[in-house]
A.B. asks: 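The following block contains the structure, expressed as structure tokens.
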Amino acid sequence: MMKISIHGDHVKITESIKEYVEEKLSKLGKYFNDSNDVDVIVKVRLRGVLQIIEVTVPTKLFTIRAEESHEDLYAAIDLVQKKLETQIKKNKSKLASRYKDKKGYVIIDEAPVENEEAEESLIVRRKEVEFKPMDEEEAILQME
């Protein structure tokens with residue numbers, strides 16, 4: 001079971017919201033060899049009438065992040081779960097081949113990739129992050 005921590009920024013996280021987030025995001029555990037080592041950080045906040053959910057899945061070797069906004073929080077949760085799953089599927093073969101020999105690290109499972117149309121990427125928001133030494137492939141994955 002993945003460890004999911006949910007924080008509300010000026011939003012009260014009810015038990016039903018917490019259960020729904022855990023139900024949706026626990027489905028992502030099937031993509032990791034050992035989902036017990038995966039910590040998921042969820043942040044919920046408001047901007048006007050929009051409910052914004054930001055999900056970060058940091059592992060020892062890479063980080064997957066997605067953010068969605070919608071007037072309905074439950075719809076935003078569904079959208080962010082689909083976005084994370086698409087990112088994982090899209091990058092699964094690169095990550096699996098790159099990190100499969102590293103012992104003790106969480107890697108993506110070698111499940112078959114479904115054919116999905118590639119989404120157009122647009123810069124929606126810029127964010128400052130700490131830099132660590134990495135090669136080109138990992139940098140591209142972090143940017144996506």
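Because the structure is predicted, anything quoted here is derived from the model rather than measured. Reckoned from all heavy atoms, side chains included, excluding hydrogens, waters and symmetry mates.
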A.B. asks: For the backbone of Glu67 and the side chain of Lys83, can you confirm whether one donor and one acceptor N or O come within less than 3.5 Å of each other?
C.D. replies: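 Present.
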
A.B. asks: Could you tell me whether the side chain of His70 reaches within less than 4.5 Å of the side chain of Leu50, counting heavy atoms only?
C.D. replies: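 A side-chain contact under 4.5 Å is absent here.
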
A.B. asks: Can you tell which of Leu84, Val40, Ile4 makes a side chain to side chain contact (heavy atoms under 4.5 Å, CB included) with Leu28?
C.D. replies: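 Among the candidates, only Leu84 passes.
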
A.B. asks: With rounding to the nearest 0.5 Å, note down the distance linking CD1 in Ile17 to CD1 in Ile77.
C.D. replies: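 Reported to 0.5 Å precision, the distance equals 6.5 Å.
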
A.B. asks: About how many Å separate CD of Glu137 and CG of Leu141, when rounded to the nearest 0.5 Å?
C.D. replies: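 Taking CG in Leu141 and CD in Glu137, the distance rounds to 7.5 Å.
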
A.B. asks: Atom NZ of residue position Lys82 - does it have more than 12 heavy atoms of other residues, nucleotides or ligands inside 6.0 Å?
C.D. replies: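 Open: at most 12 neighbouring heavy atoms sit under 6.0 Å from NZ of Lys82.
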
A.B. asks: I want to check something: taking the side chain as every heavy atom from C-beta on, are Glu85 and Lys30 in contact at a cut-off of under 4.5 Å?
C.D. replies: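 Touching, per the 4.5 Å side-chain cut-off.
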
A.B. asks: Output, in order, the C-alpha distance, side-chain angles, deciding distance and verdict of side chain to side chain contact (heavy atoms under 4.5 Å, CB included) for Glu23 and Glu19.
C.D. replies: CA-CA 6 Å; Glu23 174 192 333; Glu19 288 173 7; over 6 Å; no

A.B. asks: To the nearest 0.5 Å, what is the distance between CG (Asp72) and CG (Asp78)?
C.D. replies: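 CG of Asp78 is found 8.5 Å from CG of Asp72.
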
A.B. asks: State the OG-NZ distance between Ser5 and Lys43, to the nearest 0.5 angstrom.
C.D. replies: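 Result: 12.0 Å between the selected atoms.
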
A.B. asks: Quick one: closest heavy-atom pair of Ser69 and Ile52, and the distance?
C.D. replies: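 Closest pair (atom of Ser69, atom of Ile52, distance): CB-CG1, 3.7 Å.
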
A.B. asks: Check each of Val57, Val42, Val38 against Leu25 using the side chain to side chain contact (heavy atoms under 4.5 Å, CB included) test, and report the only one that passes.
C.D. replies: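 Single side chain to side chain contact (heavy atoms under 4.5 Å, CB included) partner of Leu25 among Val57, Val42, Val38: Val42.
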
A.B. asks: Quick one: do Thr14 and Tyr20 satisfy side chain to side chain contact (heavy atoms under 4.5 Å, CB included)? Show the steps, please.
C.D. replies: CA-CA 10 Å; Thr14 64; Tyr20 193 76; over 6 Å; no

A.B. asks: Hey, what do you get for CD1 (Ile53) to CD1 (Ile6), rounding to the nearest 0.5 Å?
C.D. replies: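 Rounded to the nearest 0.5 Å, the CD1-CD1 separation comes to 7.5 Å.
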
A.B. asks: As a test of understanding, state which of Glu54, Gln51, His7, His10 forms a side chain to side chain donor-acceptor pair (under 3.5 Å) with Arg45.
C.D. replies: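 Among the candidates, only Glu54 passes.
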
